[in-house]
Each structure stands twice: as structure tokens, then as C-alpha cells.
**Q** 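Please see the structure below; I have some questions.
The basis for the numbers below is simple: all heavy atoms, side chains too, and nothing from hydrogens, waters or symmetry mates. Each chain gets a letter, A, B and so on, in the order its sequence line appears, and its residues count up from 1.
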2 protein chains.
Amino acid sequence: MEDYEAKFRAYLDANRYRMTPERLAILEEVFQAKGHFTADDFLIHTRQHHPKVSRATIYRTLDLLVQSGLVDKVELGGNRAFYEYFHGRQHHDHLICLGCGSVIEFTEPEIEALQESVCRSFNFRMQSHSHKIFGRCDRCQHDSEPPPSWSPGHE
Amino acid sequence: MEDYEAKFRAYLDANRYRMTPERLAILEEVFQAKGHFTADDFLIHTRQHHPKVSRATIYRTLDLLVQSGLVDKVELGGNRAFYEYFHGRQHHDHLICLGCGSVIEFTEPEIEALQESVCRSFNFRMQSHSHKIFGRCDRCQHDSEPPPSWSPGHE
DNA sequence: ATTAATGCAAATTGTTTGCACGGTC
DNA sequence: GACCGTGCAAACAATTTGCATTAAT
């Protein structure tokens, strides 16, 4: 049994929620996915192995996963939310390419430290933060075309 | 004539768009507003002086203002967008209180500098960025209640 | 047996669009 | 007079919810 599965079961137990085949299937899907995906991506993928799972269950389960701390919900711009597994990884922020939609993760401890000092100066208690940089990645640097049908994919 | 009005007229002219009473009214509303407001806030306020303005026109005009660079559209979390006038002000980022919805602006040149160095290291060309810190402000620090009906209001 | 979870479809919410009419250049 | 902008209502898209049914405990 994978570590994340144990954690999820522990979270469910602690809250008197139940483990179901649907939840397990979605959990596997999420931890298999590399990158940032939408609820719909997970719906499609999960249905390959569990054909009748509903969109509602996807949303409900992703919420649970976020609450349990296993998954991170990220708003990368646009209207839809993206999800990525978080368990076992360090915190990171995102560079988002407006050309191809690719997402690069970065970590910068000095920025984190400065953030904390900003919070201190306002006596603000930070709970979470989101730092996104939009622009053009290496590959898309010379494509002058504006963003096509935009949607951050894998990576 | 205010500076921002001149700028807006210049932008409209340059793009063969027309100045209308509605656009002028919304422009005034936006530059009078202190803080971060939703499209609906502007609809309500604008209607006080211009009763039949439509929601569609608010959205269309806010878009124009954003394109002209006079106004900043910010996603502070949740589903709706917030707008604040930008003209004549320096770039800033946001601390967002999950207790009362208040928004504190901050500027931290060192963070900006570090951002640029992160971009350089990925050969990423930054176009814009969004840095939000969520937590509890000074006043809400000891209220343990979870966020009620959440909506960042005035400053 | 109890009570939570599911699938479905309908409801919600913020925003966008098509279109006929009115106003600006 | 050409054609852009408006209001209105319908259209949209992502997400949420009500409910009767099914399943985990």
C-alpha cells in the first residue's frame, strides 16, 4: 500500500468518512498524474478504469484530497482550477507560459523568507500563498503569436 | 479633465473606439473607488448615477480599461475577479485576510529582484506576475471563526 | 441497521455573446 | 451615413447541490 493511500485512509477514518472504490480510483489517478490537471482531465482518466464515475464525485473527492493535505489546488489563471499531488513534495511556485501553457515549478527560499518578513511587518499571520509568474518559456520566446486555446498541460 | 480621462480618451482614439456617457461614468466610478471591487460592485455604483447601464457594458468597459493599462484586474481567490485602478500607482502585491476579506497592498523590491533572477535561470521572459499571501490580518488574528461569506471589500 | 457516498440532472454563479436599436464620429 | 456601442436576454462553462438509490461500516 502506497504511503499516500495510507494517509488518505487515515484522513477518512479520522473524519468518519468512508473509503470507496471511486475514491481509491481517483486517488490513484491523481498520484499517477505528472503535472497540473483539471477536474475534467481526472474525470476522463478515471473513467478509463472506472467507466461510470460521475463528475460530481470527481469534484467531491478532489476536495477531500485537498482537505487532507495530499493534493494542492492551484489557480493558474482562467476559470478552471488545476490540481497536483502535493504529498511528499516540497512547496513550490509556478512559472506559467502564455505561449504553450506549460508550467515550470520553482522554489526560492529567499523569496519565502522575505514573504515572512513582509507578513511580520503587517502583523499578518500567513496561512498560504500563491506566487505565479506569467510570460514565455524558453521554447516560446520567439513565437510572437498570442496564446491559442490556452490550457496548462503536463509538466 | 483628469489625467486618467485623457489617457482613456487617447487609448480609445488610438484604437478607433468611441467615448460614450456609459464609459465615462464607469471610468469615474473606478477612479473614485478606493480598494478592490467586483464588476457587480461597479454595476451598482454606476447605476446610482446612470440607472440603465447594463452589466454587459460594465464588463466590456472594464476590459477596455484593463487593456488600456489604466486598471488592474486581480484574482484574489474565489471565482470573481476584482478590479483596482492602476494608473499613477506603483506595482504592488496583496495580503488577503481570510477572516474579514480585507486586502493589504505591499511592495518588496527584493522579491521583485529575486523573481527576475528566477526567470533568468529558466530563460523565461516574464510578462506579469501575481503574488498573493492568504492569512489573517492583525484585527482578525484572534477570531477563530472560519471565513463567513467571503468577499474582499474596500482596502 | 445506520448513515455516508454515488450518479444524475437541475441549479448556481460569474462572465460572454447575438442581435436589433440608438448614438458617435 | 457608416458602423460602433448599448441593453436585453439567452448562452456558457466550471462547479455545486438536491434527491432517490446503493453501498460501506
**Q** Tell me which pairs pass side-chain hydrogen bond (donor to acceptor under 3.5 Å, both in side chains) where either residue lies in residues 60-79 of chain A, with sequence neighbours left out.
**A** none
**Q** Salt bridge (charged side-chain N to carboxylate O under 4.0 Å, His left out) with A:Arg16: which residues, sequence neighbours excluded?
**A** none
**Q** Roughly, in whole Å, what's the span from CZ in A:Arg16 to P in C:dT2?
**A** 17 Å
**Q** Taking five pairs at each end of the helix from C:dT12-D:dA14 to C:dC25-D:dG1, what angle separates the two helix axes (nearest 10°)?
**A** 30°
**Q** What residues form a side-chain contact (heavy atoms from CB on, under 4.5 Å) with A:Asn123, not counting sequence neighbours?
**A**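 Applying side-chain contact (heavy atoms from CB on, under 4.5 Å) to A:Asn123 gives B:Asp138, B:Gln141.
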**Q** Once salt bridge (charged side-chain N to carboxylate O under 4.0 Å, His left out) is applied, do any residues pair with B:Asp40, and if so which ones, sequence neighbours excluded?
**A**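 By the salt bridge (charged side-chain N to carboxylate O under 4.0 Å, His left out) rule, B:Asp40 matches B:Arg55.
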**Q** List the residues meeting salt bridge (charged side-chain N to carboxylate O under 4.0 Å, His left out) with B:Glu84, not counting sequence neighbours, and say none if there are none.
**A** B:Arg89
**Q** Could you identify which residues of residues 43-59 of chain B place a heavy atom less than 4.0 Å from some atom of DNA chain C, listed by residue number, or say none?
**A**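 When residues 43-59 of chain B is checked for heavy atoms under 4.0 Å from DNA chain C, the hits, listed by number, are B:Arg55, B:Ala56, B:Tyr59.
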**Q** Rounded to whole angstroms, how far apart are CG on A:Leu24 and C1' on C:dA5?
**A** 15 Å
**Q** Not counting sequence neighbours, which residues clear side-chain hydrogen bond (donor to acceptor under 3.5 Å, both in side chains) with B:Gln115? List them please.
**A**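 B:Gln115 satisfies side-chain hydrogen bond (donor to acceptor under 3.5 Å, both in side chains) with A:His131, B:His129 once adjacent residues are dropped.
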**Q** Indicate yes or no: at least one non-hydrogen side-chain atom of A:Arg23 is less than 4.5 angstrom from one of A:Leu12.
**A**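 Yes, their side chains come closer than 4.5 Å.
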**Q** Could you check how far CZ of B:Phe82 sits from C1' of C:dT15, rounded to whole Å?
**A**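 Between C1' of C:dT15 and CZ of B:Phe82: 14 Å.
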**Q** Check the surroundings of atom CD in B:Glu110: do more than 12 heavy atoms from other residues, nucleotides or ligands lie under 6.0 Å from it?
**A** no
**Q** Going by side-chain hydrogen bond (donor to acceptor under 3.5 Å, both in side chains), name the pairs with one or both residues in residues 45-54 of chain A, residues two or more places apart or in two chains.
**A**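 Those involving residues 45-54 of chain A are A:Ser54-A:Thr57.
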**Q** Rounded to the nearest 0.5 Å, how far does OH of B:Tyr85 lie from CG of B:Leu65?
**A** 14.0 Å
**Q** In chain order, what residues pass the salt bridge (charged side-chain N to carboxylate O under 4.0 Å, His left out) check against B:Glu22, with sequence neighbours excluded?
**A**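 Testing B:Glu22 for salt bridge (charged side-chain N to carboxylate O under 4.0 Å, His left out), a comparison that skips the adjacent residues, returns none.
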**Q** If I take atom CG in residue A:Leu12 and atom C1' in nucleotide C:dA4, what distance separates them, rounded to the nearest angstrom?
**A** 12 Å
**Q** Please report whether the ring centroid of A:Phe37 lies less than 6.0 Å from that of A:Tyr83.
**A**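 Centroid separation for A:Tyr83 and A:Phe37: 6.0 Å or greater.
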**Q** Along nucleotides 19-25 of chain C, 5' to 3', which nucleotides get a B, which get an S, and which get a -, given that the test is a protein heavy-atom distance under 4.0 Å?
**A** ----BBS
**Q** Side chains of A:Ile133 and A:His94: does their closest heavy-atom pair fall under 4.5 Å?
**A** no
**Q** Name the first nucleotide and the last nucleotide along DNA chain D (5' to 3') that come under 4.0 Å of a heavy atom in chain B.
**A**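 The footprint of chain B covers D:dC3 to D:dC8.
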**Q** On DNA chain C, compare the nucleotides closest to B:Ala81 and A:Leu64; which residue's is nearer the 5' end?
**A** A:Leu64
